[in-house]
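Taking it in order: structure first as structure tokens, then the write-up.
Each chain gets a letter, A, B and so on, in the order the sequences are listed, and its residues count up from 1.
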There are 2 protein chains.
Amino acid sequence: MKNRIIDAAEKRFSQYGFRRVTMDDIASDLGISKKTLYLHFKSKGDIAWAVKERMHRDIDKLLQRAKREIPGPIERFKKVIAEVTSRVSVMGSAFMTDIKKEIPDLWRECEEFREREIYEYIGGILKEGVKKGKIRKDIDTKIAVMSYLGAIRMIIQPEILMKNQFSIEDAFNNILKIFLEGIQK
Amino acid sequence: MKNRIIDAAEKRFSQYGFRRVTMDDIASDLGISKKTLYLHFKSKGDIAWAVKERMHRDIDKLLQRAKREIPGPIERFKKVIAEVTSRVSVMGSAFMTDIKKEIPDLWRECEEFREREIYEYIGGILKEGVKKGKIRKDIDTKIAVMSYLGAIRMIIQPEILMKNQFSIEDAFNNILKIFLEGIQK
DNA sequence: CTCAAGGAAACTATTTAAGTTTTTTTAGTT
DNA sequence: AACTAAAAAAACTTAAATAGTTTCCTTGAG
């Protein structure tokens, strides 16, 4: 049950931020009462911490595995970016703006994580690609990663997908195509 | 003074959405008191309407001029996208999510505007480029435009620029470069 | 039928912020 | 220097929203 709560919260936080999401929303999404929700977590903030912790764990695992299993920068980048982006949109601006004010410690940890694991690690894959002559050297790798994340965040939302009749897969593929073409030599 | 208020509000709304931005914030940004703010606008909602109306006017003007003056799709796209994107981030998700709840009529008008002027008009430039064989035909033009807007929204924020020491110009150019390379044949 | 668990609803307390009013400050004029 | 009007700053009122808590109602198992 804890995991279901974290799932539901992650989904909501990623779309609406922290403040805008009420405990009633989360409970309703799960078909449980607030009372039951509070059986599992002491507070809304605790849920946010749990979301962050699980996500960080998962992404760490993913990045370690990719490092071990995939030698080439482009393939590794593809693999990593496809799996990471669907998870990190919770660290998009509304959630971060909200927790910066309301749970500053959590914000700090998320910032560090984002900086270290996302931009440096993934940016590092791109830098490797630059070295190997597979990726253009006239672009900033951090801007590249951020651009991609921004595009994903803009499009991979239930309402947008539904309204425009994009399948998740098509949308991902389109974005990735543009992006990869844009960064490769 | 009205224009200064609209400027300040647009900036804040684009970054933080509607709800999160207080009248105190806007007044403070302008170095005026709330009392003076209310001399010019009856309510916070009125300011939001004014922001929308001015922006729509400006973008309409811009799009008309580009249509008249620039024949080629790629050049027209470049011109339009550079000028439009710095303006439409106010229609990013936090602001829209907020007004959808709080000022539904405004939301509807912004949605229509966005759909018509941004995605269709600009997407139309891209479609023209597809026809003329300058742009790849295997990407969805709407996803392309949205991707670009998402990237801009992610990066062109004061805190991000400052923290990473990107100049606005460099950031814009980097993003545009990736993007153009990604969509062109 | 009874009872425990959990959903739904109601409640309390707190926070937030729009909009309004009062107090203080500032700048200009005499 | 004194006075005044305008505006900033501060304080206030009111309403809304929501976290967290408690009570009521329903459901399912034994």
Side-chain angles (χ1 to χ4, degrees), chain A residues 1-53 90 93-107 110, chain B residues 1-53 90 93-107 110:
Chain A
M1 176 50 94
K2 266 204 171 202
N3 259 307
R4 284 186 61 223
I5 295 172
I6 298 173
D7 284 340
E10 185 175 326
K11 198 183 210 134
R12 281 243 169 203
F13 290 159
S14 70
Q15 212 177 355
Y16 302 112
F18 181 71
R19 189 175 175 172
R20 180 52 100 187
V21 176
T22 67
M23 294 299 265
D24 273 317
D25 292 334
I26 297 170
S28 182
D29 287 347
L30 291 162
I32 65 175
S33 66
K34 271 208 301 194
K35 192 168 96 171
T36 306
L37 194 45
Y38 279 102
L39 283 187
H40 295 277
F41 289 94
K42 285 176 54 116
S43 69
K44 187 174 162 186
D46 279 358
I47 297 179
W49 277 101
V51 166
K52 171 252 171 198
E53 264 146 21
V90 76
S93 66
F95 181 74
M96 292 296 276
T97 302
D98 290 342
I99 61 170
K100 185 173 184 184
K101 260 198 186 159
E102 299 182 36
I103 320 178
D105 285 345
L106 177 60
W107 176 79
C110 288
Chain B
M1 178 48 93
K2 266 207 173 202
N3 259 307
R4 285 186 61 223
I5 294 172
I6 298 172
D7 285 341
E10 186 176 325
K11 196 179 216 149
R12 282 245 167 202
F13 289 158
S14 69
Q15 214 178 352
Y16 302 113
F18 182 72
R19 191 173 170 174
R20 178 56 98 186
V21 176
T22 67
M23 294 298 264
D24 272 319
D25 291 334
I26 296 171
S28 180
D29 288 347
L30 290 164
I32 66 174
S33 67
K34 270 206 301 193
K35 186 167 103 170
T36 305
L37 195 46
Y38 279 101
L39 283 187
H40 296 277
F41 289 93
K42 282 174 57 106
S43 70
K44 187 176 166 188
D46 280 358
I47 297 178
W49 276 101
V51 166
K52 170 252 172 200
E53 261 145 23
V90 76
S93 66
F95 182 73
M96 292 298 276
T97 303
D98 290 343
I99 62 170
K100 188 173 182 184
K101 258 199 193 164
E102 298 181 37
I103 322 179
D105 285 346
L106 179 59
W107 175 80
C110 289

For this session: Could you tell me whether B:Asp29 and B:Lys11 have a side-chain N and a carboxylate O separated by less than 4.0 Å?
Result: no
Exercise. Just by protein heavy atoms under 4.0 Å, how would nucleotides 12-23 of chain C read 5' to 3' in B, S and -?
Worked result: ----SSSBB-B-
Seminar exercise, completed: Contact span of DNA chain D against chain B, any nucleotide atom under 4.0 Å from a heavy atom, 5' to 3', runs D:dA7 to D:dT18
Exercise. Are the side chains of B:Ile32 and B:Met1 in touch, meaning some heavy atoms are under 4.5 Å apart?
Worked result: yes
Exercise. Hey, does A:Asp105 have a side-chain heavy atom less than 4.5 Å from the side chain of A:Trp49?
Worked result: yes
Under 3.5 Å, which donor-acceptor pairs link side chains of residues 34-41 of chain B to any protein atom two or more places apart or in another chain?
from	atom 1	to	atom 2	distance (Å)
B:Thr36	OG1	B:Ser33	OG	3.1

Exercise. Does the distance from a Lys or Arg side-chain N to an Asp or Glu carboxylate O, for A:Asp25 and A:Arg20, drop under 4.0 Å?
Worked result: no
Exercise. Taking A:Asp98 for the side chain and A:Gly17 for the main chain, is one N or O donor matched with an acceptor at less than 3.5 Å?
Worked result: no
For this session: Find out whether A:Lys44 and A:Thr22 are in side-chain contact, i.e. whether some heavy atom of one side chain is under 4.5 Å from a heavy atom of the other.
Result: no
For this session: Starting from C1' on C:dG6, measure out to CG on A:Leu39 and report it in whole angstrom.
Result: 8 Å
For this session: Give the rounded distance in Å between these two atoms: CD1 of B:Ile32 and P of C:dT26.
Result: 18 Å
Problem set entry | Separation of A:Asp7 CG from A:Glu10 CD (nearest 0.5 Å) | 7.0 Å
